[in-house]
Amino acid sequence: MEILTSIASFIAADFRTATPLILAGMGLVFSSRAGIVNIGVEGMMLVGALAGVAGSWWFGSAWYGALFAMAMASIISLIFAYLSVTVKADQIVIGAAINILGLGLTTTFARTLFGLNTAPPAIDSFSIIAIPVLSQIPFIGQAFFRQNALVYLAIILVPIASFIMFKTDIGLKVRAVGEHPKACDTVGINVYLVRYITILVSGLFSGLAGAYVSLGLLSFFTENMVAGRGFMALAAVVFGKYSPKGILLAGLVFGAAEAIQFRLQAAGTAIPFQFLLMLPYALTIFALAGFVGKSRAPAANAQPYEKD
Amino acid sequence: MGGNDLEEKKSSGSKELLLKLGIPFVAVLAALLIGAGVIAFIGVDPWIAYKSLFMGSLSNVNSMAETLVKTTPLIFTALSYAFAARCGLVNLGAEGQLYAGAIFSTTLAIYLTGLPMIIHLPVAISAGFIGGGLWGLLAGWLKVRFGASEVITTIMLNYIAVHFLSFLVTGPMIEPPGNFPQTPQAQLSAILPKIVPGTRLHLGFIIALLAILFYYFFLWKTTTGYETRVVGLNPTAAEYAGINPTKNALLAMFIAGGFAGLAGTSEILGIQLRMFQAFSPGYGFDGIAVALLGGGTPVGILIAGILFGILRSGANMMQMLARVPIAIIYIIQAFVIIFVISSGYFTKAYNKRKLEKQAREGGTNNGNTDIDS
């Protein structure tokens, strides 16, 4: 029984660590499919993390915090969209600039808002919701049905995103724009608009993912607290072969590496936990190189579209 | 992509040259203005903030030396990004290559004993170049052999290097008895000597200047360098001309990684003297800004490196005197990148409007416009 309990708590921890990757991934999958390489997601998540805390502090509810986070991150994503789609600047460089901007803005304003030496304000954060009945089921209840609301939301979003991507006209347009923007243009699809909207969607979800980091995993903001999760979400999109279900699995694999690592550190085993932390990145490289099933990027990846 | 941003525009006349010099100038000025806006927004007089920033970085020998100390790694990482870009590659892995270089050079600097400085120091520095180079080469190999985009792999390799370094300094390389997660100090024979007495400015800065010279001579004065640039400008044409793009991509990633490796090496052997986690405050990504601002040219990188060195070293003083968080320089830096990278669009739009106006006024200046190239 003891082992079952610890497996269940491990699964629960896995979902908790996977959630920011899945949330951000559900937005990123659309912009990626539309041919946008958005490495700025790290900075957008960071903005979301701070805005989440600030919003929760100002408006007194974690949900308002999350909405505020989504709003702020989407503003940043519109800067990214303008520069990469309209100005046609190099997406990679703009993304890098957005990350630096996110770090600068959040660190500066966190100090101004919360001060340096004062204790972080007590704010409303996302607390655990035990689903009635289901959470009482032995093992399964502990593993799956005692999470905070955003974890459930992340899981629910996967089939929705998958449906939109593969079963609707919208999804078809997004995919077509990523594969062959020119052809889309000739049949009257507004390539710029599709890209703007998908980048906005990635911004909204990055913001939510950031709010999850600051209001779901913790209940305060610290400098650079996203700590590479944005890049990892990007990796999950690639490792998950640009499909929402794949991203869910990738998120859970990456999350498991992190969850095991915490356990190893706590247990004080001889296995260096750093090697587990490397796992998500190594797996992504393997996926890109085709060692674990080739991950293929859209044909028009990272290419600005130039209308004639 | 990456390569084209750094591509020199044919300067047809002094007006063009003025534009070329003017863009970085305007970009920096505009970014500083935005920074001033943010400073004012958080309730500090921007004038006082910037005054303390420049006082803190340029007011005396010591602060100027400190500026060059901060400039040194930035030059290396900028060269790293710029070199790969010249070959049409996007190297976002300078941070990881910096750590890989530091791991190689620190290992030899600590555990190789009984050598005179004249041998030990060059060996350790070369190891740093090779370590960073191999880490860059790995990304290059993954690209040419498996088609894995270096944009993603270099980012992933950053984190692998960070975690590996963390493993080393908490495990095999930890300083006995193991109270702190850091390595022992480097042997005295492997430490970069100070070049200005009483300051922290060390030989690494001279090596950075030499690296700029190497960058210039290799790219513009050697056949291989010429090939590298041709591959960067037009890979198809390069192949028709019998240039092997695979070989050039691998070499470019090795040298780019090597430059970044030297950033880590000079930071450890010149300043920190021992290795610990996160000793680089993001020099890898700063290098991108420096390379872009410098237009990928040797002199440009030097000037942009010093400018960012000023920001970095003055930011401490600004935080102390004016209570403006150091992080404000990241905002300035981000806007420098944004303005430089989008300048092409706005000058193009300006030129187009001018041409249209000329055409309307019956001007004959058609046909020979290569502004779109």
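For the numbers below, each heavy atom of this structure counts, side chains included, while hydrogens, waters and symmetry mates do not. Naming: A, B, ... by sequence-line order, numbering from 1 per chain.
- Heavy-atom proximity under 4.5 angstrom to chain B picks out A:Tyr82, A:Leu83, A:Thr86, A:Val87, A:Ala89 from residues 81-89 of chain A.
- Residue B:Val336 does not touch chain A at all, counting heavy-atom pairs closer than 4.5 Å.
- Both the backbone and the side chain of B:Ile328 come within less than 4.5 Å of a heavy atom in chain A.
- Among all heavy-atom pairs drawn from B:Ala334 and A:Ala97, the shortest one is CB-O, 3.4 Å.
- Note: A:Phe109 and B:Phe41 meet the aromatic proximity criterion, with ring centroids under 6.0 Å apart.
- For the pairing with B:Met156, the side chain to side chain contact (heavy atoms under 4.5 Å, CB included) check across A:Leu288, A:Leu234, A:Ile285 returns one residue only, A:Ile285.
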Check the pair A:Leu101, B:Phe335 against side-chain contact (heavy atoms from CB on, under 4.5 Å), reporting the backbone distance first and the verdict last.
CA-CA 8 Å; A:Leu101 181 66; B:Phe335 278 103; 3.5 Å; yes
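- A:Leu105 touches chain B through backbone and side chain together, each having a heavy atom under 4.5 Å away.
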Mind listing the side-chain donor-acceptor pairs of residues 271-283 of chain A below 3.5 Å, one per line with the distance, residues two or more places apart or on another chain?
unit_1, atom_1, unit_2, atom_2, d
A:Gln274, NE2, B:Ser166, O, 3.3
A:Gln274, NE2, B:Ser166, OG, 2.9
A:Gln274, NE2, B:Thr170, OG1, 3.1

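- Here B:Ile341 contributes atom CD1 and A:Gln91 contributes atom CD; the two are 11.0 Å apart, rounded to the nearest 0.5 Å.
- B:Arg145 meets the side chain to side chain contact (heavy atoms under 4.5 Å, CB included) test with B:Trp141; sequence neighbours excluded.
- Only the side chain of B:Ile288 comes within contact range of chain A, judged by heavy atoms closer than 4.5 Å.
- Looking only at heavy-atom pairs under 4.5 Å with chain B, the residue among A:Ile100, A:Leu113, A:Leu103, A:Val238 that has the most is A:Ile100.
- Considering all non-hydrogen atoms of both residues, A:Gly228 and B:Tyr159 come closest at CA-OH, 3.1 Å.
- A heavy-atom distance below 4.5 Å is found between the side chains of B:Leu92 and A:Ile92.
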Carefully, step by step, assess A:Phe239 and B:Ile152 under the rule side-chain contact (heavy atoms from CB on, under 4.5 Å).
CA-CA 11 Å; A:Phe239 186 59; B:Ile152 308 284; over 6 Å; no
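- Residue B:Ile331 comes nearest to A:Gly104 through the heavy atom pair CG1-C, 3.6 Å, listed as atom of the first residue, atom of the second, then distance.
- Residues satisfying the ring-ring contact (aromatic ring centres under 6.0 Å, His included) test with B:Phe279, not counting sequence neighbours, are B:Tyr99.
- Looking at A:Thr108, both its backbone and its side chain come within 4.5 Å of chain B, counting heavy atoms on both sides.
- The local environment of CZ in B:Arg323 is sparse, with at most 12 non-hydrogen atoms from other residues, nucleotides or ligands closer than 6.0 Å.
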